[in-house]
Amino acid sequence: MAEAPNTKEKVVVRFPPSPTGFLHVGGARTALFNWLFARHHGGQFLLRLEDTDRERSEDRFVEDILESLRWLGLKWDGEPVFQSRRIERHKEVAAQLVEKGFAYKCDCTPEALDAYRKECQQKKLPYRYPGICRDKKEVRAPYVLRIRVPDDGETRFADMIRGEITIPNKDIEDWVLVRSDGNPTYNFVVVVDDHDMGVTHILRGEDHINNTPKQAMLYEALGYALPKFAHLPMILGSDRTKLSKRHGAASTLEYRKMGYLPEAMVNFLVRLGWSFGDEEVFTVDKLKSVFSVEHIGKANAIFNTEKLDWLNGIYLREKPSQELSDYMQQYFKEELTFAKSVPAASFVEGVKIIQGKVKNIPELIEQLYCLFGEDPDYDLTALKDAEKAPAKQAISDVSALLDASDFSIEDLEKRIRGYADDKGEKFGKIAKAVRFSLTGGKISPGLFEMISVQGKETVQRRMGRALKALG
RNA sequence: GCCCCCAUCGUCUAGUGGCCUAGGACGUCGCCCUCUCACGGCGAAAACAGGGGUUCGAACCCCCUUGGGGGCGCCA
């Protein structure tokens with residue numbers, strides 16, 4: 001049953017990656033949850049590139065992120081916002097903050113602070129900016145802008161997943177709003193941008209919980225309405241730590257290369273931290289109708305691809321062969337050059353008889369190569385010695401039998417099964433010999449389907465070569 | 001060290017006080033189906049971290065311990 005989207009509440013969410021690296025699967029899942037949340041509520045899903053760290057931001061990462069989202073089918077609304085282009089606005093708000101007395105200038109040097117930080121570590125004391133410049137009348141450039149955090153009290157906020165979260169103000173330092181070079185920091189701009197973009201709900205990783213009170217103070221200081229927060233459980237690597245570059249194929253697009261279908265990836269990712277009773281397999285449409293934060297869990301999940309493989313097999317099996325062929329032409333063109341001269345219709349037929357037996361696209365391509373690539377090398381160990389002579393006989397008989405066949409599956413089945421019956425042989429034996437002649441080994445798609453797809457010329461040529469190999 | 005969050009099979013999870021001798025899924029292992037490989041079917045092993053409460057009754061509520069994760073930047 002499609003649940004009617006809640007149209008009463010306006011929903012605007014955003015996904016704000018920073019283009020300082022590839023989009024890893026944790027980020028992809030955050031994007032997915034946001035997108036699903038927006039689609040479920042008939043709201044907007046905005047994209048913002050947090051590229052204020054000019055040193056580390058790169059265009060290729062922007063492209064990687066956009067391409068990852070496109071691949072997964074997570075269409076964003078409107079044009080992506082580049083945070084770096086909003087710096088004048090950020091400075092304007094910073095000035096307001098100083099004017100209202102919520103922020104002050106600080107000329108402590110990074111070196112001095114580092115030394116103090118080390119000292120704290122040695123003494124096993126918690127480090128926090130000690131407030132040296134809080135009441136200074138005069139500061140010398142270069143200086144940073146710090147927010148004045150109350151010494152007492154606590155800051156609390158509601159989390160849609162975890163309930164109320166409370167953090168004592170004494171544990172929050174007078175953090176930097178604007179760097180000495182004039183560039184604003186993350187915790188500051190994120191508030192300004194989310195407000196300006198009209199963001200109503202923030203779904204993000206649990207690693208941001210500690211940033212939330214800092215941001216909440218700013219919302220209050222600026223008189224902005226506080227959005228609703230939902231801190232998602234994290235996806236951890238197999239070593240149970242936060243996902244990062246060193247976790248092998250952490251980049252989303254790598255999974256495309258590994259031959260996972262986007263629908264499998266989406267299905268897999270959504271089940272990491274979200275559930276819907278006993279159901280495991282979801283179409284995107286179904287997700288749009290049933291997704292809800294209430295079913296998001298609290299505990300971190302380990303990224304383990306066993307279930308992904310299973311899901312991928314399901315989606316591979318179900319995908320219309322023509323669509324799957326097109327998909328492969330789009331993303332695996334290089335790998336398919338061996339099939340250039342194969343007629344399109346035969347290629348699709350080939351895909352059709354293999355797609356149900358593999359769990360990713362490289363495996364599918366490997367099998368297609370067996371069908372359409374170069375003739376195989378014959379692995380004589382595939383047949384026991386005692387099987388070789390009867391196999392030769394069967395191969396040569398079947399080859400002759402095929403002269404008159406129209407190569408339809410029905411006709412092939414009738415002829416070959418008939419031959420086995422006539423000979424008083426088990427069909428399995430004949431099949432094994434024929435399979436060997438066409439593949440050089442013992443594994444193949446269904447025999448008749450394979451023969452039909454390969455066609456008379458290839459089949460008889462390979463049979464001839466097999467006979468030669470058998471001596 | 002300080003702060004925050006979390007805790008059910010190996011993994012993803014259902015479970016919101018009695019329906020739980022804890023359900024599903026992946027993976028693993030048997031068996032069946034079968035022209036091979038897959039698919040599919042059937043079955044098995046496999047978990048409430050520990051200790052205290054509260055209650056007639058606790059996987060579920062509270063506290064402590066332990067364990068795990070995250071955060072403590074002029075990164076985002």
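Sequence lines set the chain letters: A, B, ... in the order given, protein chains first and strands last, and positions in each chain run from 1.
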Using the side-chain heavy atoms of [X], tell me which of these nucleotides is nearest: [options].
| X | options | result |
| --- | --- | --- |
| A:Ala299 | B:rC74, B:rC3, B:rC6 | B:rC6 |
| A:Glu50 | B:rC2, B:rC74, B:rA76 | B:rA76 |
| A:Ile209 | B:rC4, B:rG10, B:rG73 | B:rC4 |
| A:Lys307 | B:rA76, B:rC6, B:rC12 | B:rC12 |
| A:Val176 | B:rG24, B:rC4, B:rC74 | B:rC74 |
| A:Lys298 | B:rA76, B:rC6, B:rG73 | B:rC6 |

What interatomic distance, in whole Å, is found between [atom1] of [M] and the corresponding atom of [N]?
| N | M | atom1 | answer |
| --- | --- | --- | --- |
| B:rA58 | B:rC6 | P | 24 Å |
| B:rG10 | B:rU28 | P | 16 Å |
| B:rU66 | B:rC26 | P | 38 Å |
| B:rG68 | B:rG73 | P | 23 Å |
| B:rG23 | B:rC72 | P | 42 Å |
| B:rU34 | B:rA45 | P | 28 Å |
| B:rC48 | B:rU13 | C1' | 13 Å |
| B:rA47 | B:rC56 | C1' | 28 Å |

Problem - Lys/Arg-Asp/Glu bridge criterion (N-O < 4.0 Å) met for A:Arg60, A:Asp64 - result: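 No, no charged N to carboxylate O under 4.0 Å.
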Just checking [X]: base, sugar-phosphate only, or nothing, at a heavy-atom cut-off of under 4.0 Å?
| X | value |
| --- | --- |
| A:Val144 | base |
| A:His208 | base |
| A:Leu311 | nothing |

Problem - Residue mapping more 5' on RNA chain B - nearest nucleotide basis, A:Lys124 or A:Tyr186 - result: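 Mapping each residue to its closest nucleotide by heavy atoms, the 5'-most match is A:Lys124.
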Problem - Upstream residue (5' side of RNA chain B) when A:Asp207 and A:Pro184 are each assigned their closest nucleotide - result: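 Mapping each residue to its closest nucleotide by heavy atoms, the 5'-most match is A:Asp207.
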Problem - Residues that A:Glu92 engages under salt bridge (charged side-chain N to carboxylate O under 4.0 Å, His left out), provided they are two or more places apart - result: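 A:Glu92 satisfies salt bridge (charged side-chain N to carboxylate O under 4.0 Å, His left out) with A:Arg89 once adjacent residues are dropped.
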Practice task
Identify, with sequence neighbours excluded, every residue that meets side-chain contact (heavy atoms from CB on, under 4.5 Å) alongside A:Ala221.
Solution key: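 Result, side-chain contact (heavy atoms from CB on, under 4.5 Å) vs A:Ala221: A:Leu97, A:Phe102.
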Practice task
Not counting sequence neighbours, which residues clear side-chain contact (heavy atoms from CB on, under 4.5 Å) with A:Thr185? List them please.
Solution key: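 Partners of A:Thr185 under the side-chain contact (heavy atoms from CB on, under 4.5 Å) test: A:Trp175, A:Val176, A:Arg179, A:Phe188.
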Problem - Centroid separation A:Phe15 to A:Phe37 less than 6.0 Å - result: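 No, the ring of A:Phe15 stays outside the 6.0 Å limit from the ring of A:Phe37, centre to centre.
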Practice task
Kindly state whether the ring of A:Phe268 and the ring of A:Tyr260 have centres lying under 6.0 angstrom apart.
Solution key: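 Ring-ring flag for A:Phe268/A:Tyr260: false, centres at least 6.0 Å apart.
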Practice task
Answer yes or no: side-chain N or O of A:Ser180 and base N or O of B:rC74 forming a donor-acceptor pair under 3.5 Å.
Solution key: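 Checked by distance alone, the answer is yes.
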Within less than 4.0 Å of OP1 or OP2 of [N], is there a side-chain N or O belonging to [X]?
| X | N | answer |
| --- | --- | --- |
| A:Thr52 | B:rA76 | yes |
| A:Arg162 | B:rG70 | no |
| A:Ser275 | B:rA14 | yes |
| A:Arg128 | B:rC2 | no |

What pairs of residues pass the salt bridge (Lys or Arg N to Asp or Glu O under 4.0 Å) test when at least one of them lies in [range], not counting sequence neighbours?
| range | answer |
| --- | --- |
| residues 427-450 of chain A | A:Glu387-A:Lys432 |
| residues 231-242 of chain A | A:Asp207-A:Lys242, A:Asp239-A:Arg246 |
| residues 228-237 of chain A | A:Glu9-A:Lys228 |

Handout entry: Under 3.5 Å on both distances, the Watson-Crick or G-U partner of B:rC2
Key =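 Looking at the geometry, B:rC2 pairs with B:rG71.
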Handout entry: Base-pairing assignment for B:rU66 (Watson-Crick or G-U wobble, both under 3.5 Å)
Key =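 Its partner is B:rA7.
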Short heteroatom pairs, N/O only, protein and nucleotides 60-69 of chain B, under 3.5 Å:
from: B:rG69; atom 1: O2'; to: A:Asn300; atom 2: OD1; distance (Å): 3.0

Side-chain donor-acceptor pairs under 3.5 Å in residues 377-386 of chain A, sequence neighbours left out?
from: A:Tyr378; atom 1: OH; to: A:Ser437; atom 2: O; distance (Å): 2.7
from: A:Tyr378; atom 1: OH; to: A:Arg462; atom 2: O; distance (Å): 3.0
from: A:Asp379; atom 1: OD1; to: A:Thr381; atom 2: N; distance (Å): 3.1
from: A:Asp379; atom 1: OD1; to: A:Thr381; atom 2: OG1; distance (Å): 2.6
from: A:Asp379; atom 1: OD2; to: A:Thr381; atom 2: OG1; distance (Å): 3.2
from: A:Asp385; atom 1: OD1; to: A:Lys388; atom 2: NZ; distance (Å): 3.0

Problem - Sequence-aligned protein contact record of nucleotides 28-38 of chain B, with B where the base is within under 4.0 Å of a protein heavy atom and S where only the sugar-phosphate is - result: -------BBBS
Handout entry: Close side-chain approach of A:Arg48 and A:Val190, heavy atoms under 4.5 Å
Key =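 In short, these two side chains touch, coming nearer than 4.5 Å.
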